[in-house]
There are 2 protein chains.
Amino acid sequence: MATGRTHRPATRSRGIPEATVARLPLYLRALTALSERSVPTVSSEELAAAAGVNSAKLRKDFSYLGSYGTRGVGYDVEYLVYQISRELGLTQDWPIVMVGIGNLGAALANYGGFASRGFRVAALIDADPSMVGKPVAGMPVQFIDDLERIVAENGVSIGVIATPAGAAQQVCDRLVAAGVTSILNFAPTVLSVPDGVDVRKVDLSIELQILAFHEQRKAGEETGGEAILPPVVRDAAAVTPAEGRKGPDGDMPAVMPA
Amino acid sequence: MATGRTHRPATRSRGIPEATVARLPLYLRALTALSERSVPTVSSEELAAAAGVNSAKLRKDFSYLGSYGTRGVGYDVEYLVYQISRELGLTQDWPIVMVGIGNLGAALANYGGFASRGFRVAALIDADPSMVGKPVAGMPVQFIDDLERIVAENGVSIGVIATPAGAAQQVCDRLVAAGVTSILNFAPTVLSVPDGVDVRKVDLSIELQILAFHEQRKAGEETGGEAILPPVVRDAAAVTPAEGRKGPDGDMPAVMPA
DNA sequence: CCATCTTTGTGCACGCGTTCACAAAGACAT
DNA sequence: ATGTCTTTGTGAACGCGTGCACAAAGATGG
């Protein structure tokens with residue numbers, strides 16, 4: 001299992017930087033809102049504020065796409081919407097399959113943001129026979145045995161995994177074998193995929209843990225002026241790693257199960 | 001500051017790099033799995049493989065926490081689980097409130113990963129009166145008017161927003177005013193918060209759009225050796241931005257509504 | 001046509017994060 | 001104790017992303 005290469009070499013010289021690509025949807029959303037209000041043009045300063053980024057960063061981002069602005073005026077909203085949409089590949093229709101129609105999967109299927117921007121849910125797939133046929137988001141759930149057929153018949157290249165962690169890798173393998181080359185993973189697991197397959201990962205509990213870290217730091221700082229030592233616990237488990245290797249001693253607080 | 005002979009981690013300063021913090025939950029998950037299988041020690045190479053990262057990166061990440069490994073052996077699993085948990089602030093209990101109990105909010109409330117690692121859902125809040133009192137994930141939904149009281153009584157410092165986009169900023173303002181200093185936002189909006197408040201954002205459609213970009217590039221590359229021009233459309237809207245500013249002309253494909 | 005004003009596009013410097021490569025440190029065998 | 005072997009911890013180089021600051025470009029007005 002020497003796979004596991006989830007990140008790409010990113011040696012695209014004339015490519016658009018990853019960080020820029022990640023912001024393009026942000027700009028697109030802000031521009032769409034302006035478009036709906038029939039705003040004809042927008043300056044980098046205004047658009048940057050709406051997207052929550054620095055204006056210099058925004059201009060540099062757009063410079064990778066080309067010179068689409070007019071100096072002294074700004075950017076044409078409609079034109080920019082089209083250019084970014086095209087760059088992101090949203091001018092075409094992307095059929096996607098969603099595997100794992102539990103609580104989260106059903107919520108995602110119902111989530112409007114999925115279907116609204118060029119993405120079309122081609123099928124909902126689950127491994128639970130009692131789910132099969134039940135309508136979710138106006139669409140009958142299909143059995144996982146049909147996964148390969150569904151992917152092939154619909155030309156699906158993007159899959160969404162919302163299964164439990166234990167099933168995710170297996171589902172991933174089947175999706176990849178069937179021809180899917182991009183995966184959005186909601187299961188709390190690291191997926192191994194061959195080269196050429198992109199995986200993006202959304203993990204709810206990880207985000208919370210990152211917030212908790214910052215929250216703890218804030219709380220620790222306002223306690224006093226201590227700048228070096230952590231605020232609280234520093235006594236228990238303050239042993240050297242070597243001697244801490246004994247066997248079944250459960251003095252650690254059970255922080256989590258899975 | 002580069003003293004060669006400080007046996008203590010003096011340069012621990014106080015700042016763990018953001019990128020490292022974002023990976024700590026990943027390591028923690030892998031370590032927890034090892035712990036459940038009663039694996040006593042693990043090498044950086046093995047753990048890195050399980051977490052899907054480079055082993056050098058993992059060692060450098062751990063070096064920010066201190067010298068918790070044993071050369072020639074590896075890391076003590078239980079000890080490392082405890083150290084990372086403490087660093088992330090997971091040894092304490094974090095009460096959180098979730099606002100917006102629609103499809104997504106209900107799914108999140110039911111999602112085990114939330115409650116499992118030191119986080120406790122203190123309250124579910126919604127603005128829809130018909131939702132109030134209904135049990136979701138074994139907990140009655142409360143009305144949004146009680147938001148401030150709930151936050152204060154439970155000492156909540158972390159809030160999760162799963163409302164529609166239109167309501168997110170308003171809810172955010174109320175949470176912040178009530179004392180919440182960390183927000184996890186699932187609504188597709190840019191939130192404005194005062195300094196000192198952390199916001200993390202999970203946007204499902206943005207992730208899909210990023211995947212679509214890479215997917216399009218893959219498709220374009222395998223078409224042929226064209227290296228400069230984009231694969232397809234290059235005729236329509238190939239006008240200068242200046243003259244494209246006319247009024248109500250809908251020749252752009254309607255890519256999305258909201 | 002010229003002057004002025006606005007806003008873009010970008011060269012440049014800087015800081016962060018990643019990766020390599022290796023010395024130091026400890027385990028283990030003899 | 002000594003040597004060998006394994007694995008950590010980290011110095012250093014490198015590349016990417018960010019933000020500043022400004023010249024170029026075009027609009028606008030006289």
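Proteins get letters first, then strands, A, B, ... in listed order; numbering begins at 1 in each. Worth saying up front: this structure is predicted, and the values here are computed from it rather than measured.
Under the salt bridge (charged side-chain N to carboxylate O under 4.0 Å, His left out) criterion, B:Arg59 pairs with no residue, sequence neighbours left out. Residues passing the salt bridge (charged side-chain N to carboxylate O under 4.0 Å, His left out) test with B:Glu215, sequence neighbours excluded: B:Lys218. A:Glu46 pairs by the side-chain contact (heavy atoms from CB on, under 4.5 Å) definition with A:Val42, A:Ser43, not counting sequence neighbours. Applying the salt bridge (charged side-chain N to carboxylate O under 4.0 Å, His left out) test to B:Arg200 and every residue at least two apart in sequence or in another chain returns A:Glu207. Residues passing the ring pair (Phe, Tyr, Trp, His ring centres under 6.0 Å) test with B:Phe62, sequence neighbours excluded: B:Tyr27, B:Tyr75. In this view, A:Ala50 and A:Ala30 satisfy the side-chain contact (heavy atoms from CB on, under 4.5 Å) rule, not counting sequence neighbours. Scored by the salt bridge (charged side-chain N to carboxylate O under 4.0 Å, His left out) test, A:Lys201 finds A:Asp203 as partners (sequence neighbours excluded).
Whole-Å rounding puts the A:Leu58 CG to D:dT18 P distance at 12 Å. Whole-Å rounding puts the B:Arg23 CZ to C:dC16 C1' distance at 12 Å. The distance between atom NZ of A:Lys57 and atom P of C:dC16, rounded to the nearest whole Å, is 14 Å. B:Asp76 has its CG atom 15 Å from the C1' atom of C:dA27, to the nearest Å. The CD atom of B:Glu18 sits 17 Å away from the P atom of D:dG17 (whole-angstrom rounding).
Under the 3.5 Å distance criterion, the side-chain polar atoms of A:Glu45 are left unmatched by any main-chain donor or acceptor of A:Ser55.
Counting only Watson-Crick or G-U wobble pairs whose defining distances are both under 3.5 Å, the stems of 3 or more consecutive pairs in DNA chain D are C:1-30 with D:1-30.
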Query raised in the report: Tell me, for nucleotides 4-14 of chain C in 5' to 3' order, what letter each nucleotide earns: B for a base near a protein heavy atom under 4.0 Å, S for only sugar-phosphate near one, - for neither?
Result: --BBBBBBB--
